[in-house]
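Computed from a prediction, not measured in an experiment: that's the story for all the values here.
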Amino acid sequence: MIIVGSLVIVCVMLLLGVSVFVAFGAVLMFIAVFGDQSITGYLPTGATGLRSLVLLAIPLFMIAGGVMERGRIAAPLVAIAEMFVGHLKGGLSAAAVLACGVFGSIAGSANSTLTCIGGIMLPHLKKANYPEGKSAALLVAASPLGLLIPPSANHILYGWVAQQHVLKCFLSTVIPAFILITLLIITNHFMLRKHDEIKLSERPSPFFPALKAQGRVAGPALMMPIIILGGIYGGIMTPTEAAGIAVVYAIPVAIYFYRGLTWRGLMETFQKSGITIGVVMIMIFMVLIVSDNLIAQGAPQIAQQMVYSVSDNPIVILLMINVVMILIGMLMDDISGLLLSTPILLPIAQSVGMDPIHFAAVIGVNLGMANITPPTAPLLYLGAQVSETPVAKMLWPTLIFIIFAWLPTLMLTTFVPSVALWLPELLLG
């Protein structure tokens, strides 16, 4: 009864538009009144969890992403991508996808990626006569690359909850991210093939001197992922230390090199990031307590029994896990969805032979896709605000990108283990 009641309360309150941490607070009240065990025994778990050094990387990466977003650090990255593909039909929108991937690898946030790259690319796309709804939908579909290309706050959390190697979790979604980038560009190309009104940008001539000049401008921005990822995978720094370095590096680059941020703007960025961080940490605290209580009530075992009562076929079980994760991701943000689904669904995935690092990739792709899947897709509505485009114009193109880019990526990631495991095993053993 407690498990069913908790899930019903969460689903109903989230569908009504209540904040995630308030919804889980209501679940805690329900457990306190009707549960057999006191929730006070689980409060230290939430408090202890928040003291983890690993979690410190999340607010630091959020601050770094905020500094980059307001500091014009992404603009030269976009310019380089445009130099390579802007002269091709659909090339400018392909440059937007590539820019989302590069920026996402630094910021580690889908929201920051969509806001920043959307603000830069959408005026260019509009000027070149790209169809408004399709351009906005493409950026929405590409923005979760910030969750897949390392460093990713989601995989820091997953590694912490599942007690797995964080660097292996990072690497598990690299190949799925490249598959997704390729499929998004191909799908977008076919969607634009009949739009003859699109204007193509001229390829710089001579190309290599122009590329060299633009490379000098983009150098400080390009150095950021090299420093962060090189430091992490070179064993020089932990993800938390790398997040701190990212903040220290991004501030002077944004203020003094690209001059997109002032000291006053930096304080505003800290304030905005602080509010977001506070909400995230309260949410993590609430979800941890609810999750631990559900585990104590036997939720993973009950979920496993329910799944096996339907089928014991591994393929069917994995499909059911995917459906559940997509539904969870449609109801709540990616962090809450990850914290709630990992302890319940990971044991089921392991029971059919799935490696926990493989599951890290599956949950990453699932939650990324869920964030753009109607009707409750948070990134879809954010994209409508950023692009000033009605959601109705974006809906069908978004669904096409989900069907022909995200779903094939999810199926490959789920049923071809090497897609997720090859790179972690190659680099880390």
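In this structure, OH in Tyr308 is found 4.0 Å from CD1 in Ile317, a value given to the nearest 0.5 Å. To the nearest 0.5 Å, atom CE of residue Met267 and atom CH2 of residue Trp263 are 7.0 Å apart. One distance of note links CD1 of Ile328 with OG1 of Thr342; it measures 9.0 Å at 0.5 Å rounding. Within the model, atoms CG of Leu145 and CG of Leu180 stand 5.0 Å from one another, a figure rounded to the nearest 0.5 Å. The CG atom of Leu421 lies 9.5 Å from the NZ atom of Lys168; values are rounded to the nearest 0.5 Å. Rounded to the nearest 0.5 Å, atoms CG (Leu410) and CG (Asn366) are 4.5 Å apart.
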Stepwise side chain to side chain contact (heavy atoms under 4.5 Å, CB included) test for Met369 and Leu407: CA-CA 8 Å; Met369 186 173 75; Leu407 274 176; 3.9 Å; yes
task: Could you walk me through whether Ile117 and Ser143 pass side chain to side chain contact (heavy atoms under 4.5 Å, CB included), step by step?
output: CA-CA 9 Å; Ile117 303 301; Ser143 59; over 6 Å; no
query: Should Ser93 and Leu125 be marked as a side chain to side chain contact (heavy atoms under 4.5 Å, CB included) after you check the CA-CA gap, both sets of side-chain angles, and the distance that decides it?
result: CA-CA 7 Å; Ser93 50; Leu125 292 165; 4.1 Å; yes
- prompt: Under the side chain to side chain contact (heavy atoms under 4.5 Å, CB included) criterion, do Leu261 and Val67 qualify, and how do the steps go?
  reply: CA-CA 8 Å; Leu261 191 66; Val67 171; 3.9 Å; yes
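With a 6.0 Å radius and a threshold of 12 heavy atoms from other residues, nucleotides or ligands, Phe190 has its CZ atom at or below the threshold. Environment of CZ in Phe404: sparse, with no more than 12 heavy atoms of neighbouring residues, nucleotides or ligands closer than 6.0 Å. Residue Leu427 places its CG atom among more than 12 non-hydrogen atoms of other residues, nucleotides or ligands, all under 6.0 Å distant. Applying the 6.0 Å contact sphere to OH of Tyr258 captures more than 12 heavy atoms from other residues, nucleotides or ligands.
Side-chain contact between Leu379 and Pro144 is present, with heavy atoms from C-beta onward closer than 4.5 Å. Val391 places a side-chain heavy atom less than 4.5 Å from the side chain of Leu380. In this structure the side chain of Pro239 reaches within 4.5 angstrom of the side chain of Leu167, judged on heavy atoms. Taking the side chain as every heavy atom from C-beta outward, Met394 and Ser387 approach each other to under 4.5 Å. Side-chain atoms of Trp406 and Thr373, non-hydrogen and from C-beta on, never get closer than 4.5 Å to each other. Side chains of Ser341 and Val324 form no contact here, defined as non-hydrogen atoms less than 4.5 Å apart. Two residues are said to be in side-chain contact when any heavy atoms from C-beta on lie closer than 4.5 Å; Pro176 and Leu412 fail this criterion. Contact of the Leu399 side chain with the Trp396 side chain is registered, since non-hydrogen atoms from C-beta on lie closer than 4.5 Å.
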Name each donor-acceptor pair under 3.5 Å that joins a side chain in residues 21-28 to protein atoms two or more places apart or in another chain, with its distance.
none

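Thr398 is linked by a side-chain hydrogen bond (donor to acceptor under 3.5 Å, both in side chains) to nothing, counting only residues two or more places apart in sequence or in another chain.
For the pair Ala361 and Ser172, the tightest heavy-atom approach, listed with the atom from each and the gap, is CB-O, 3.4 Å. Contact between Val217 and Phe257 at its shortest, heavy atoms only, is O-CE2, 3.5 Å. Nearest heavy atom pair, residue Gly66 against residue Thr269, reads C-CG2, 3.6 Å. In terms of heavy-atom proximity, Ser309 sits nearest to Met306 at OG-O, 2.5 Å. For the residue pair Ala141 and Phe401, the shortest heavy atom distance occurs at CB-CB, 3.8 Å. Taking both residues in full, the closest heavy atoms of Gly364 and His155 are given as CA-NE2, 4.4 Å, listed atom of the first, atom of the second, then distance.
Salt bridge Arg70/Glu268: present, at least one basic N to carboxylate O contact under 4.0 Å.
A donor-acceptor pair under 3.5 Å links the side-chain atoms of Glu241 to the main chain of Thr238, judged by distance alone. No donor-acceptor pair closer than 3.5 Å links the side chain of His165 to the backbone N or O of Leu428.
Between Tyr158 and Phe359, the ring planes lie tilted relative to each other; the angle falls in the 30° to 60° range.
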